[in-house]
Amino acid sequence: MSFSLSTVMAGAGNPVTMLRNSKAGIYVYPVVAPEFQNWRNEQVAWRQSAVLFDQSHHMDELIVEGPQATEFLSQHGINSFANFDLNRAKHFVPVTPAGHVIGDHIIFREREDKYVLVGRAPTSNWLMFCAAWAKWNVRLKYDPRSPSRPEGERVLREHYRFQIQGPDAPRIFEKMNGGPVPDIKFFHVDWINVGSKKVQALRHGMSGAPGLEIWGPYKDKDYIHSTILQAARDAGVNLVQCGSRAYATNTLESGWIPSPLPGIYTGEGMLKDYRDWLAADSYEAAGSIGGSFVSANIEDYYVNPFELGYDFYIGWKKDDFVGKAALQAMKGSPKNRKKVTFEWNRDDVMKVIASNFEPGLPFKWIDFPLSNYASSSADMVMQGDRMVGMSMFNGFSYNERCVLSLGVVAQDVQEGDILTLKWGEPETTGKTSAEPHRQTEIRVRVAPTPYAAEARTNYAESWRTKG
C-alpha cells in the first residue's frame, strides 16, 4: 500500500484535524538571508528608494511544453488564453471541478508551445497530476523550491530570479541596460541588458512602485547580482537588498492573498484520484491551518475566484475548463465574500504584546514583521455575534505603522466598519508553531485593497484591486 494524502487523511479522521495538528512548523522562506540591513529599512525602500528582491529560491518552477501545452493549460486554468501572445505573462489560477481555488502561479509564454509557471506547490502539483491523469501530449519539467533548511548543502536552481522596484528603480534599469530600457507594459516581457548579458524582463510590481522582474540561467546569478548592485552605485541610488523577513510583507500593502487553503480535500472523481496520487509528505498533506476559526467541515476554509478578486479574467468564452460549470453557478451569488484589508487597532495590538511581559498565560504572540504561524491562516472576523469574514494573512507594515491583514468579508460589510478579530486558537493543537496561549479580541477597521494608495493607483483595473 502506498502512502498518500488519502492515507494520511484517513489516519487523522478529518482533514481539519490533520491540518490543525500539523508538525510542519512555521513556513520558511529558504536560502535568502533573513535581513540585509533590518526589515524596517527594507520595507521603507520599496516606497522611498529602491529594493532588490531575490526570488530565486522560494517558488516552484514548472515548464510546460509540447503540442498540447496551450490546450492543456487553458483547460486547467480559469484564464482566457485568447490574448495570450508571446512575451506576455498572466496570473494563472486553477480551480477544482467544484470551483474552489487550488492556488496560483505567474505564467510566462516563451514560445507558441512553451510556458514557464512560477509559484507555490499546490498549483505545480495539480498540473503535474492533471497532465498524467488525462494523458496530455505535453512535457513537464519540475524544479521544486529550494529546501527550507539546506543545512549547509549547496542549492542549485534552473533559473535565478530578481525583482527591482521602487521610485528610484528606473535609474538603475538605465544604468544596467547601458541606456534607456524599452517601455514595457504591465505584465509584458521584453529583453534588456544587464551588463554583458541579455535577460528577459517582466514589468511587474509587488507594492505599487515601478518594477522589473528579471531571470535567466542560475549559473549567471552571481554576475547578474553584482552588476545590479554596481549599476545602483553608478546611478547614485540607495538600493536596499530585501531579506526573507520583510519580503512577504509587501503583499499586505498590495493586496494579494498568497496562501489560501487548496480546495482539494473533498470531492470524488479526479479529486479522489488526486488525493491518492499526492504523496504523504506533499505540501497538501504536511501543511497547516492556524487561527481562531475552527470548523469540522474543511470546505468552510475554501475560497473561490470571486472572493479573491480573480473573477474579471475568467475565460467565460472558452468552450470548457475545469470548474467552469461550478463557477457559472456561483457567479453573482450573495454568498460570495469580497476581499478587504483589515487595519488592526493599535491599542489592542499593544495589549496582546504586553500580556507576554506579565505573569500567567499570555495572549497569542504577534510576531514582527510577519505574524502568520501556519501555511494557511483562518482567523474569525465578527460583527457582534455574527461571523462575517476570515482574516487570512497578517503582518506589520512599517510604512503604514500598522498591523494589517488580508481576508474576505460578507458583501454587506462596508469600508470603514469596525469589526472584531478573534486572535489565537480556542484549544491546544499539535502545531509546533503555536505556543500555549489565551484567545482574545482585536478590533479591526475594514480598509481598501490594496491598502497602499500607490498600489491602488498603479494597479488600476488589475487583479489586486478587484475584490
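Counting from 1, the numbers follow the sequence of the chain as shown. In what follows, every heavy atom counts, from backbone to side chain, and hydrogens, waters and symmetry copies are set aside.
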Applying salt bridge (Lys or Arg N to Asp or Glu O under 4.0 Å), name anything that partners [X], two or more places apart in sequence or on another chain.
| X | result |
| --- | --- |
| Glu158 | Lys141 |
| Lys221 | Asp54 |
| Arg401 | none |
| Arg443 | Asp348 |

Original post:
Given Trp256, which of Asn250, Asp104, Thr449 fulfils the side-chain hydrogen bond (donor to acceptor under 3.5 Å, both in side chains) condition?
Top reply: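 So, applying the side-chain hydrogen bond (donor to acceptor under 3.5 Å, both in side chains) to Trp256 and each of Asn250, Asp104, Thr449, only Asp104 qualifies.
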Original post:
Take atom NZ in Lys23; do more than 12 heavy atoms of anything else shown fall under 6.0 Å from it?
Top reply: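 Yes - once you tally the heavy atoms of other residues, nucleotides and ligands closer than 6.0 Å, there are more than 12.
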Subject >> Over 12 non-hydrogen atoms of neighbours within 6.0 angstrom of CG in Asp222 >> reply: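 Open.
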Determine the interplanar angle of the [X] and [Y] rings, folded into 0 to 90°, and report it as parallel if under 30°, tilted if 30 to 60°, perpendicular if over 60°.
| X | Y | result |
| --- | --- | --- |
| Trp126 | His76 | perpendicular |
| His58 | Tyr29 | tilted |
| Tyr301 | Phe293 | tilted |

Original post:
Hey, what do you get for CD1 (Ile289) to OG (Ser375), rounding to the nearest 0.5 Å?
Top reply: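 That separation rounds to 9.0 Å.
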Original post:
About how many Å separate CZ of Phe108 and CD of Gln200, when rounded to the nearest 0.5 Å?
Top reply: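 Result: 8.5 Å between the selected atoms.
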**OP:** Determine, for Arg161 against Glu213, whether the closest basic-nitrogen to carboxylate-oxygen distance falls under 4.0 angstrom.
**Re:**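 Salt bridge between Arg161 and Glu213, a charged N being under 4.0 Å from a carboxylate O: yes.
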Original post:
Between Arg157 and Asp143, is there a salt bridge with N-O shorter than 4.0 Å?
Top reply: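 Salt bridge: yes.
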All N/O donor-acceptor pairs, side-chain side in residues 146-154, below 3.5 Å, sequence neighbours left out:
residue	atom	partner	partner atom	Å
Ser146	OG	His57	ND1	2.8
Ser148	OG	Arg145	NH2	2.8

Pairs under 3.5 angstrom only: tabulate donor-acceptor contacts from the side chains of residues 423-430 to other protein residues two or more places apart or in another chain.
residue	atom	partner	partner atom	Å
Trp423	NE1	Lys364	O	2.8
Glu425	OE1	Thr429	OG1	3.4
Glu425	OE1	Lys431	NZ	3.2
Glu425	OE2	Gly291	N	3.0
Glu425	OE2	Tyr373	OH	3.2
Glu425	OE2	Lys431	NZ	2.9
Glu427	OE2	Arg20	NH2	3.2
Thr429	OG1	Arg20	O	3.4
Thr429	OG1	Lys431	N	3.4
Thr429	OG1	Lys431	NZ	3.3

Original post:
Sub-3.5 Å donor-acceptor pair from the side chain of Asn79 to the main-chain atoms of His91, do we have one?
Top reply: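 Yes: the side chain of Asn79 pairs with the backbone of His91.
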